[in-house]
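To keep things clear, I will list the structure first and then write my remarks on it.
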Amino acid sequence: MRFDALRRRLSQLEDAKESPAGIIRRADLKAGNILMTKQVRTNMRKRIGTVPGVEIGDIFFFRMEMCLLGLHAPSMAGIDYMSVRNDLEEEPLAVSIVSSGYYDDDAEDKDVLIYSGQGGAANKDKGATDQKLERGNLALERSLRRGNEVRVIRGMKDSVNQVSKVYLYDGLFRIQESWVEKAKSGCNIFKYKLARIPGQPDAFGVWKSIEKWREGLSSRAGLILPDITSGAESMPVALVNDVDEEKGPAYFTYVSTVKYSKSFKLTQPAYGCNCRNACQPGNLNCSCIRKNEGNFPYTANGVLVCRAPMIHECGPTCPCFPNCKNRASQTGLKARLEVFKTKDRGWGLRSWDSFRAGTFICEYAGEVIEKVSQVGEEGDGYVFDTSHVYESFKWNYEPGLVEEDGSIEAIEEPNVPSPLVISSKNVGNVARFMNHSCYPNVFWQPIMYENNNESFIHIAFFAMRHIPPMTELTFDYGKSRSGEAAADGGSTSRGRRKCLCGAPICRGYFG
DNA sequence: GCAAAATCACTGCG
DNA sequence: CCGCAGTGATTTTG
């Protein structure tokens, strides 16, 4: 994650530069190179089998990430191998492979992978040639004989952003057979059949199931409602219960953004920018960028660079186009979310799509309320209270703002008028179903933008790290600054609640 | 120190 | 506005 923080920061700095056409910006390589030279990496010794710290189902968005973790060392090549001594001689054995779609692999089955050897592909200098039994191909051949475990990483198109790729660690496989066949080019290529070792948790299997639900080929088990938003969002949000008989949460009115009633004084007079089509990173004439201390908050592909006390986005009355990158939290749902029944924590929220760290997920919609008059609502979990930042902000998206050399600068707490209390008991959106965790994968970020000459604060949720599909989305509800949320002498039903998040670092209570 | 492996951002096309 | 193919500068490893 340190890699990605640095990569985002470098992207931000690169985006801000005057970029002559033709220059290709590879912040991933730059970030990788910096961390490599600083020796910020793990599992440098190659190994067969499991890599400490990497779980089956973990996802990555750059080859460099897997390189730094020691999951798959080569920055490009699909086959990683190491030299192992047997009784007589040293021989190369394959330790991990990446099946990314460059070759004609057969990767449809979740338990069997037909993998192509490396080399021989045509490029601009020469045509296709026969593959040779050397390097990775030789290592795979030797691994077939040895029967050692090989880590398999599957590279796929990202379901949300079709131009980018996501890499899924699918666990350990064993090579069963190999053969040579003629490719379309007419040249010989090696093929290897790998079988997934039984007993490992599903990873690619989950992705395949989602694919089927998406195409409507198989029905979703436990589906109650195809869309609880009734079309209020840009994407449908399914309601699913495959745990018990409960038919759904209590009734509420679905809205997609926060509602301020007129009586609130949390707003302040404001003005937008004067940019004509899209606000350009590095353009300090843009007042919205100036409000963010000169830093454009998002990278070119819309990922939040760093958590900040406040992010200033362009608003409805800014003259820039709606596709201006500085409106990342206003473009509606991009991922296919579903509300599902958890085993022991009521309803929860998860996604069919994966999220890369820093991706906008959804806003916390609801009604801004007076905390004092409606404090009785606090026990039911439908209140977002920004005064509970004390613990929750400690779990930074990053330890802070990452500088160009990889060093980190601490960041401040959110800059929101305390208290900003949003109730989603009667009126709300998907965010009201997100449960608490002491080790969350989502964080909240105050965002301000202007509408009708007034600025409004919105609470937006972003992915704290890469989140694989079907993982429950959770954020830290935090702890009241006073330490005693029920300080008004209220009943035990509100205030601190027992935590069931199950994280090793669980605080025991929240709220 | 060079060759091999293929990535990923960007551009233009339909 | 979308996906797709084409292009170029680039990395770590052996």
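Here the structure is a predicted model, which is why all the values come from computation and not from measurement. A, B, ... follow the sequence lines: proteins, then strands. Residue 1 opens every chain.
- A donor-acceptor pair shorter than 3.5 Å can be found between the side chains of A:Y254 and A:E233.
- Backbone-only contact: A:K46 has heavy atoms under 4.0 Å from sugar-phosphate atoms and none from a base.
- Remark: the A:R26 side chain and the B:dT7 base include a donor-acceptor N/O pair separated by less than 3.5 Å.
- Dashed line: the shortest gap from a side-chain N or O of A:K157 to OP1 or OP2 of C:dC4 is under 4.0 Å.
- Here A:R7 lies out of heavy-atom contact (under 4.0 Å) with every strand.
- Ranked by how close their nearest DNA chain C nucleotide is to the 5' end, A:D80 and A:K30 are led by A:K30.
- Rounded to whole Å, the distance from CE on A:M64 to C1' on C:dT10 is 9 Å.
- Checking C:dT12, B:dA6, C:dC4 against every side-chain atom of A:S75, the shortest atom distance belongs to C:dT12.
- Distance OH (A:Y103) to P (B:dA4): 13 Å, rounded to an integer number of Å.
- At the heavy-atom level, A:K132 lies nowhere under 4.0 Å from the strands shown.
- Heavy atoms of A:D28 sit under 4.0 angstrom from primed sugar atoms or phosphate atoms, though from no base atom.
- Separating the OH atom of A:Y115 from the P atom of B:dA5 is a distance of 12 Å, rounded to the nearest angstrom.
- Note: CG (A:N137) to P (C:dG14) measures 15 Å, nearest angstrom.
- Taking atom CE of residue A:M66 and atom P of nucleotide B:dC8, one finds them 8 Å apart after rounding to whole Å.
- Checking B:dC8, C:dC4, C:dT10 against the side-chain heavy atoms of A:L29 singles out C:dT10 as nearest.
- Note on A:E211 versus A:R214: no salt bridge recorded, every NZ/NE/NH1/NH2 to OD/OE distance being 4.0 Å or above.
- Looking at A:R145 and A:E91, no side-chain N of the basic residue comes within less than 4.0 Å of a carboxylate O on the acidic one, giving no salt bridge.
- Among the nucleotides B:dC8, C:dT13, C:dG14, the one closest to any side-chain atom of A:K165 is B:dC8.
- Here A:N33 reaches the OP1 or OP2 of C:dT12: one of its side-chain N or O atoms lies under 4.0 Å away.
- Between A:I34 atom CD1 and C:dT11 atom P there is a gap of 11 Å when expressed in whole angstrom units.
- Residue contacts shown for A:G119 are limited to sugar-phosphate atoms, with no base heavy atom under 4.0 Å away.
- Counting non-hydrogen atoms under 4.0 angstrom, A:S100 reaches the backbone sugars and phosphates but no base.
- For the pair A:K334 NZ and C:dC2 C1', the computed distance is 14 Å after rounding to whole Å.
- Cation-pi contact between A:R350 and A:F340: present, with separation from the ring centre below 6.0 Å and deviation from the ring axis of at most 45°.
- Taking the ring axis of A:Y192 as reference, the NZ or CZ atom of A:R174 does not stay both within 45° of it and closer than 6.0 Å to the ring centre.
- In this structure, A:M76 atom CE and C:dG14 atom P are separated by 15 Å, rounded to whole Å.
- Distances were taken from every side-chain heavy atom of A:C67 (C-beta onward) to each of C:dT12, C:dC1, B:dA6; the shortest belongs to C:dT12.
- Taking only side-chain nitrogens and oxygens, A:R25 comes nearer than 4.0 Å to OP1 or OP2 of B:dC10.
- Mapped onto DNA chain B by nearest heavy atom, A:G120 and A:V163 fall at different nucleotides, with A:G120 at the one closer to the 5' end.
- Between A:K165 and A:D158 there is no salt bridge, since none of the side-chain N atoms of the basic residue sits less than 4.0 Å from a carboxylate O of the acidic one.
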